[in-house]
Amino acid sequence: MADRYDPHTIEPKWRERWEADGIYRARDDDERPPWYQLTMFPYPSGDLHTGHWYAMTPPDAAARFRRMQGHSVLFPIGFDAFGLPAENAAIQRGVDPKEWTYGNIDQMRQQLRIMGGSFDWEREIVTCDPDYYHWTQWWFLKLYERGLAYRAEAAANWCPGCHTVLANEQVLDGLCERSDDPVERRFLTQWFFRITDYAEELLDFGGMEWPERVTTMQRNWIGRSEGANLRFPVDVEGVDEPLSVFTTRPDTVYGATFMVLAPEHDLVGRITTDGQREVVDGYVAATSRVTEIERLSTEREKTGVFTGAYAVNPFNGARIPIWIADYVLVTYGTGAIMAVPAHDERDFAFARDHGLDVIPVFDHPEIDVSRPLEAAFTEGGAMVNSGPFDGTPANDAIPAVIAHAEAEGAGTGAVTYRLRDWLISRQRYWGTPIPMIHCEACGVVPVPETDLPVVLPENVRFEPTGQSPLTQIEEWVNVDCPSCGSAARRETDTLDTFMCSSWYQMRYVDPHNPERPFSAETMRRWLPVDVYTGGAEHAVMHLLYTRFFWKAARDMGIVEGDEPMKRLFNQGVIVGPDGNRMSKSRGNVVAPDEQVEQHGVDAFRCQLMFIGPWDQGGPYNPSGMPGIVRWLNRLWTVATESAPDPGDGAASRDLVAATHRTIRDVTTDIEGSRFNTAIARLMELTTALTRARETGGVDTATWERSVETLILLTAPLAPHITDELWERRGKPYSVHQQAWPEFDESLVVEDTVEIVVQVNGKVRDRVTLPAGASEDDARERALASERVSNWVEGKQPRRVIYVPGKLLNIVV
RNA sequence: GCCGAAGUGGCGGAAUUGGCAGACGCGACGGUCUCAAACACCGUUGGGCGUAAAGCCCGUGCCGGUUCGAGUCCGGCCUUCGGCACCA
């Protein structure tokens with residue numbers, strides 16, 4: 001009587017119906033409590049692959065689950081559409097980046113719709129739309145007004161072969177990814193955001209449910225170090241200011257036997273003596289040619305040259321030589337160090353290679369510090385060779401030395417971060433134009449808000465000139481100064497695409513607002529995001545930038561609260577059946593279209609969720625698909641065939657208990673993103689129903705309620721088949737607009753419990769007792785068991801451990 | 001080198017606060033239905049000893065510890081993956 005389960009007829013039917021009825025639209029006037037479920041928006045590469053399905057179908061299930069739980073859910077989608085691939089396509093194949101991008105978006109939209117995602121398409125955003133980047137530019141102006149945007153000289157990756165600036169991602173092992181030329185560093189004036197102003201606050205993850213993995217990576221990236229800034233007077237005529245160094249070990253200052261400056265340090269030119277000028281200049285020039293990657297290699301020998309100048313140790317008056325070396329980085333601390341070879345491995349290696357003094361200033365239980373050291377050691381006992389500090393225990397040494405430095409005016413306690421300001425300039429075409437104008441008279445002038453957006457010109461020629469293609473477009477570049485009206489030029493750099501994605505979750509709440517990025521009401525209603533899901537590759541950059549952006553917006557009174565995303569979940573990486581990253585060349589690509597064609601959308605979604613824990617990822621092996629297909633078929637069967645013979649209804653109670661256990665488990669599993677175990681529980685309930693149908697003894701009302709509960713619980717995971725079954729059972733449209741089943745604890749309580757009986761910790765028997773039996777009852781029943789008494793052998797139990805309702809352990 | 005996560009059957013993986021290791025699924029084997037196939041369904045499936053029963057022993061990367069009891073906690077290793085990497 002019932003026809004077979006055929007996903008290919010029911011899936012398009014429901015997709016069209018949901019869309020026509022707009023049942024997934026998020027309404028701002030909905031009175032139910034709001035829930036903002038966000039999945040990282042894709043780059044429009046033009047092909048939706050299995051990774052996208054893996055990233056997006058579980059949050060779709062979560063969004064559907066929250067809706068059924070009575071939330072008004074915002075589950076939006078859009079495209080992160082600026083960036084390099086479009087520009088590369090333009091350079092290589094002569095296509096227009098805009099056409100290429102929008103063509104891909106059209107294609108991906110179609111593919112995304114097939115997924116059965118409950119996205120609110122009316123809120124779609126595309127970051128390369130002028131309606132969107134209008135507000136990206138507005139944000140830039142706000143940050144500039146607030147003093148958080150500034151210009152400075154910074155190194156860019158320069159490919160001498162292509163005559164162009166490369167993004168970090170285009171540099172592979174120090175070589176240009178296209179021409180294989182060694183990449184050089186070129187200094188350009190570029191725009192930065194002062195993310196470092198927020199370094200301290202960004203270390204605080206209080207009240208956030210973020211994976212520890214991510215918070216740890218962010219902490220390491222920010223890299224807070226405590227120590228001191230110490231000032232060493234320089235013994236060079238005409239140089240009055242002292243040389244400032246940052247150190248985490250001010251307690252080793254008496255062991256400082258030389259100073260090292262980064263080759264790019266400001267002072268180098270001024271302190272170098274005539275006799276050393278040639279070697280120093282040569283070394284500085286050589287350094288600029290060395291790539292960052294080579295330079296950072298710890299394997300490299302520690303090179304460096306003497307400047308001829310000396311500094312004075314403010315603690316003991318020692319006159320110590322000043323060197324330059326590329327193991328000191330100009331971007332960290334003050335770009336200069338006091339070198340303490342006895343207690344720092346790098347300084348030790350440098351001192352050994354260049355014949356410099358090594359003076360230990362801590363003693364050590366296993367090392368004779370009166371003899372030449374064989375290696376640096378960092379952990380010592382008490383201070384030695386340190387004048388008035390001799391004998392100070394290691395634990396007290398740092399505060400003592402800092403206190404002394406502060407009293408003497410030789411330095412102060414200080415904190416340094418590894419985090420650098422965010423370089424946002426790109427010498428590229430396909431990005432948001434930076435809304436600034438350069439005027440000879442007025443300097444840098446912001447474009448007035450009323451003139452936004454600064455629209456990206458079209459029909460651009462891509463020639464490798466080393467500058468953004470925008471510089472070629474005279475009619476775009478030449479503009480009147482907004483301040484004085486004289487001839488001026490537009491900024492031709494564009495914004496890092498990470499800026500587009502730093503605030504997109506805010507735009508979704510009010511995506512068509514022409515007056516501002518979003519209204520205060522919509523902001524208060526939806527933000528911050530309840531759950532944000534996406535790949536771990538964004539653990540640092542994107543997720544740190546968006547936190548910075550939010551905090552800056554908060555300080556400007558634009559948003560409320562301290563963090564943009566309360567909860568974060570990183571899904572794992574899905575790889576090919578062979579365990580390798582899916583790639584065409586390996587031939588291990590699983591194409592979603594083929595999976596859908598063979599098994600249907602619901603089966604593919606469920607298989608991806610069933611494969612293992614969502615945060616773990618792993619190989620996608622289609623060989624497991626039959627299990628999911630069988631389950632959906634069995635679900636179809638129990639839901640479409642008639643109820644079993646009720647008999648005396650004796651089996652009803654067990655079925656009710658099984659149903660409610662499933663409600664409980666599936667609810668907590670989906671809340672915790674454990675979709676794999678949720679499906680396992682649903683399979684079990686399906687099996688229970690299949691069995692009950694054969695054996696009978698279930699009254700019809702109970703049967704119907706269990707079947708319908710099973711359909712409701714499955715709906716978020718397999719949305720099409722469940723709506724079809726719901727309809728066929730004559731229930732009101734749509735299953736996705738029904739309430740989530742309520743769990744009733746009292747219905748799963750059993751009359752009897754099975755107690756495991758152990759003797760000396762080994763399971764020997766099981767006894768069935770009434771629920772709530774006392775320890776004495778359990779003990780009596782256990783000792784009555786022949787299997788148990790065989791092991792006890794008449795010995796007196798030394799001790800009995802009873803875990804009520806679970807276990808009894810007799811120790812003899 | 002540093003930081004983080006993980007290691008469980010032939011395979012993917014289960015296992016609240018320490019309490020029956022291997023849920024659920026794949027595969028395999030045996031069977032029902034069928035002219036046959038598909039679909040569906042039933043049974044067995046960690047290893048060893050043992051007659052197939054009962055029963056016993058071993059078993060969650062390795063070594064040791066805590067505990068009545070350890071996949072879970074502690075100490076020390078090994079391996080894999082991810083991140084950072086001369087950060088003073």
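Below, chains carry the letters A, B, ... as their sequence lines are ordered, and counting in each starts from 1. Atom set for the values below is all heavy atoms of this structure, side chains included, hydrogens, waters and symmetry mates excluded.
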Hey, is the side chain of [X] poking within less than 4.0 Å of OP1 or OP2 on [N], counting only N and O atoms?
X      : N      : answer
A/R799 : B/rC68 : yes
A/N220 : B/rG83 : no
A/R691 : B/rC41 : no
A/R764 : B/rC56 : yes

Any donor-acceptor pair under 3.5 Å from A/R693 side chain to A/V638 backbone:
no
Expressed in whole Å, how much space separates the P atoms belonging to B/rC3 and B/rG9?
29 Å
Distance-only donor-acceptor test (3.5 Å): side chain [X], base [N]:
X      : N      : value
A/Q616 : B/rG13 : no
A/R634 : B/rA40 : no
A/K302 : B/rC86 : yes

Could you grab the distance from atom CG of A/D251 to atom OG1 of A/T248, nearest 0.5 Å is fine?
8.5 Å
Spacing of A/D765 atom CG and A/Q758 atom CD [to the nearest 0.5 Å]
12.0 Å
Please work out if [X] contacts a base, only the sugar-phosphate, or nothing of the nucleic acid, heavy-atom cut-off 4.0 Å.
X      : answer
A/I611 : sugar-phosphate
A/D347 : nothing
A/R681 : base

Any carboxylate oxygen within less than 4.0 angstrom of a Lys/Arg side-chain nitrogen, looking at A/E694 and A/R691?
no
Partner of A/P622 under side-chain contact (heavy atoms from CB on, under 4.5 Å), chosen from A/Q598, A/Q595, A/E594:
A/Q595
A/W631 and A/F610 aromatic centres sub-6.0 Å:
no
Rounded to the nearest angstrom, tell me the gap between atom CE in A/M683 and atom P in B/rG13.
15 Å
Please state how far atom CZ in A/F205 lies from atom P in B/rG4, giving the value in whole angstrom units.
15 Å
In RNA chain B, stems of three or more consecutive pairs, Watson-Crick or G-U, each with both distances under 3.5 Å, turn out to be B:1-7 with B:78-84, B:10-12 with B:24-26, B:27-32 with B:40-45, B:46-49 with B:55-58, B:61-65 with B:73-77
